[in-house]
Amino acid sequence: MRAWCWMLLWTLCTLASTAQAQEAELVVNQRKVVSLRATLKGETPRERVQAAEAALAAALAVPVPADRVERQALAGETPAVRLRVNDVVVLHLVPEDLAGPQAGNLLDAAGTDAERRLRVAVAELREARDPRHWARGLAVSVLATVVAVVLLKALAALRRRLLRRAARRLSDVSSPGTGLPWWRVPGEHALALLRGVAGLASWVVALVVLDLWASTVLRQFAPTRAWGERASDWLLTQALALARSALSAVPGLLTAGLIFLVAQGVLRVARGVLERVEQGEFTLAGLDADTAGPTRRLVALVVWLFALAMAYPYLPGASTEAFKGVTVLAGLMVSLGASGVVGQVMAGLSLMYSRALRAGEYVRIGEVEGTVTHLGVFSTRLHTGLGEEVSLPNAVVFGQPIRNFSRLVEDGQFVLHTAVTIGYATPWRQVHAMLLEAARRTPGVLQTPAPYVVQTALSDFYVEYRLCAQGSRAAPRLRAQALSQLHAHIQDVFNENGVQIMSPHYRSDPASPQVVPAGPWFAPEAGPLPPPP
């Protein structure tokens with residue numbers, strides 16, 4: 001294993017040294033003069049660059065009135081171009097230093113370009129040793145700094161002034177009695193939008209000012225002049241590239257916009273038809289008022305997904321690797337994290353299309369009982385009638401039995417039922433009459449259809465009686481309150497008639513009846529007990 005590691009390390013070092021030997025750049029005063037690729041007279045490109053740097057230092061060490069940079073073409077079996085500075089040979093440029101099949105034909109042009117760059121670099125090296133140029137550069141830099149600071153402060157003041165004026169205009173337009181502005185946006189939201197736009201514009205202008213300042217200051221000094229030129233060229237290049245990209249993206253954006261407009265038109269037609277179905281104006285095959293709403297949502301989702309898939313190739317940057325990587329990452333995140341969301345959506349659609357619930361119905365789901373106020377894609381909301389709203393995830397609702405108290409009765413009503421267990425010693429006809437009397441006394445309990453009592457179990461020691469009635473949602477009391485009043489009247493009627501509400505588990509009868517004695521519980525408006533049927 002160690003031998004393999006050493007072999008791999010040796011291979012990497014060999015490749016690195018080979019790559020280094022293939023090309024080396026001669027850089028003078030932060031400027032690239034020429035790239036050398038050929039091994040000449042046993043010297044690698046790197047060694048040739050080091051020799052050129054030493055020769056250039058020697059040439060500039062001699063004081064002369066003016067530096068001379070000369071180019072000389074050498075003929076022979078191997079053509080070359082010689083560059084000299086102050087009669088000192090700096091380097092030789094051969095066709096092997098140039099890349100491409102026509103290197104020999106391009107040698108003279110490459111020599112001319114190298115001569116021009118070397119002349120500029122040599123002049124900057126001489127300038128860097130002149131104190132007068134440094135003094136002039138410092139003066140220009142201070143002046144440029146003062147101008148930049150003044151411009152930035154003026155920009156900030158102009159931004160504040162424009163925002164204050166816009167705030168006054170918006171307060172006048174959206175004041176009470178004048179209504180909203182023509183763009184239908186409240187004043188505070190419009191002001192926030194203007195602040196964002198003004199901030200973005202001011203940052204762009206400030207960036208341009210800072211770039212101009214930096215490039216101006218860097219250009220004043222010979223050692224940093226190349227950086228200043230690259231800074232200004234970079235901003236201009238980026239601006240031009242952005243403009244070209246924006247212009248090239250216009251046809252694709254127009255095509256994508258046309259696709260989205262067609263999708264919007266199709267969706268508008270489908271929405272109009274499904275809304276008429278939901279309002280009951282007419283019916284379609286397999287659709288009614290209950291399923292038209294979820295169908296409208298599904299149609300909108302399918303239409304927009306289809307439009308996005310059609311417009312995707314025309315979006316700017318859709319074919320770039322970065323855009324593809326982002327879409328793949330987004331798809332992976334959605335596939336890993338949206339399983340629960342998809343389950344909720346499927347459960348909600350199943351509830352809607354199965355017609356198990358409707359808004360306004362009184363239901364019991366698990367331990368929660370109340371009126372359905374909203375049946376959404378992700379959750380179902382119930383009002384319990386006790387001052388609370390319960391939101392149940394659709395996956396939870398779909399996995400539990402649903403008891404609907406409104407489905408089998410007429411519209412606007414719900415079922416009320418309660419159970420009591422009475423011992424066998426009490427006549428069942430009397431129990432029936434007392435439960436019906438309690439139902440008659442309870443507000444919100446409908447008398448048509450008439451309440452009725454069923455015996456649901458004959459247990460070992462008692463009989464289970466269940467009172468079934470109907471209540472109206474239009475009643476002033478909610479179902480929970482109506483059921484509470486019904487329980488209170490059942491206790492009153494049973495106490496009036498001396499019947500104890502108890503599930504007996506005993507060895508012998510008690511010495512005295514287990515009833516509430518006469519007292520303040522007695523209701524004066526209670527009438528006589530009706531005769532048994």
Side-chain angles (χ1 to χ4, degrees), residues 362-364 367 369-371 383-387 403 405-406 408-410 412-533:
Y362 200 95
V363 298
R364 181 180 182 89
E367 298 297 327
E369 183 177 310
T371 303
H383 285 182
T384 62
L386 301 177
R403 302 177 65 182
F405 300 104
S406 303
L408 300 181
V409 297
E410 297 180 2
Q413 302 176 7
F414 52 83
V415 174
L416 283 170
H417 58 77
T418 186
V420 294
T421 54
I422 307 298
Y424 285 97
T426 305
W428 64 266
R429 293 181 178 85
Q430 184 181 5
V431 176
H432 283 214
M434 288 187 294
L435 291 174
L436 294 176
E437 173 62 19
R440 187 188 65 81
R441 297 182 183 183
T442 304
V445 174
L446 299 178
Q447 301 303 314
T448 303
Y452 60 93
V453 180
V454 294
Q455 300 181 24
T456 57
L458 299 176
S459 302
D460 292 340
F461 308 110
Y462 53 82
V463 180
E464 181 176 340
Y465 300 90
R466 182 171 294 274
L467 172 63
C468 301
Q470 293 186 17
S472 174
R473 289 201 303 267
R477 300 183 184 275
L478 300 176
R479 185 179 186 277
Q481 297 170 334
L483 195 59
S484 175
Q485 290 292 323
L486 179 61
H487 289 162
H489 285 290
I490 289 175
Q491 295 178 65
D492 288 344
V493 173
F494 274 64
N495 285 331
E496 293 172 7
N497 292 274
V499 177
Q500 59 184 2
I501 303 176
M502 182 180 293
S503 302
H505 292 267
Y506 57 88
R507 295 181 180 178
S508 60
D509 291 331
S512 59
Q514 300 298 310
V515 297
V516 178
W521 53 263
F522 182 80
E525 66 275 7
L529 188 66

Original post:
Run the side chain to side chain contact (heavy atoms under 4.5 Å, CB included) check on Val431 and Phe494 step by step: do they pass?
Top reply: CA-CA 8 Å; Val431 176; Phe494 274 64; 4.1 Å; yes
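- Within a 6.0 Å radius of OH in Tyr424, other residues, nucleotides and ligands contribute more than 12 heavy atoms.
- Under the 4.5 Å side-chain criterion, counting only non-hydrogen atoms from C-beta, Trp428 is not in contact with Val463.
- In this structure, Ile490 CD1 and Thr442 OG1 are separated by 7.0 Å, a value rounded to the nearest 0.5 Å.
- The shortest non-hydrogen separation linking Arg440 to Gln447 is CA-NE2, 3.5 Å.
- Under the rule for a ring pair (Phe, Tyr, Trp, His ring centres under 6.0 Å), the partners of His417 that lie at least two apart in sequence or sit in another chain are Phe405.
- Leu416 has its side chain out of reach of Gln470: every pair of non-hydrogen atoms, C-beta onward, lies at least 4.5 Å apart.
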What verdict does the side chain to side chain contact (heavy atoms under 4.5 Å, CB included) test give for Val453 and Arg466, after you've listed the backbone C-alpha separation in whole Å, the side-chain angles of each residue and the deciding distance to 0.1 Å? CA-CA 6 Å; Val453 180; Arg466 182 171 294 274; over 6 Å; no
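- Looking at residues two or more places apart in sequence or on another chain, you find no salt bridge (charged side-chain N to carboxylate O under 4.0 Å, His left out) involving Arg403.
- With sequence neighbours left out, Ser484 forms a side chain to side chain contact (heavy atoms under 4.5 Å, CB included) with no residue at all.
- Applying the side chain to side chain contact (heavy atoms under 4.5 Å, CB included) rule to Ala457 yields the partners Ser459, Glu464; only residues at least two apart in sequence or on another chain are considered.
- Scanning for side chain to side chain contact (heavy atoms under 4.5 Å, CB included) contacts around Ala488 gives an empty result, with sequence neighbours left out.
- Looking at Ile422 and Tyr462, their side chains never come closer than 4.5 Å, going by heavy atoms from C-beta outward.
- Under the rule for a side chain to side chain contact (heavy atoms under 4.5 Å, CB included), the partners of Ala439 that lie at least two apart in sequence or sit in another chain are Val445, Pro451, Leu467, Leu486.
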Would Thr421 and Ile501 count as a side chain to side chain contact (heavy atoms under 4.5 Å, CB included) if you check the C-alpha gap in whole Å, the side-chain angles of each, and the deciding distance to 0.1 Å?
CA-CA 7 Å; Thr421 54; Ile501 303 176; over 6 Å; no
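- A donor-acceptor pair shorter than 3.5 Å can be found between the side chains of Gln455 and His432.
- Here the CD-CD distance, from Glu437 to Glu496, works out to 8.0 Å after rounding to the nearest 0.5 Å.
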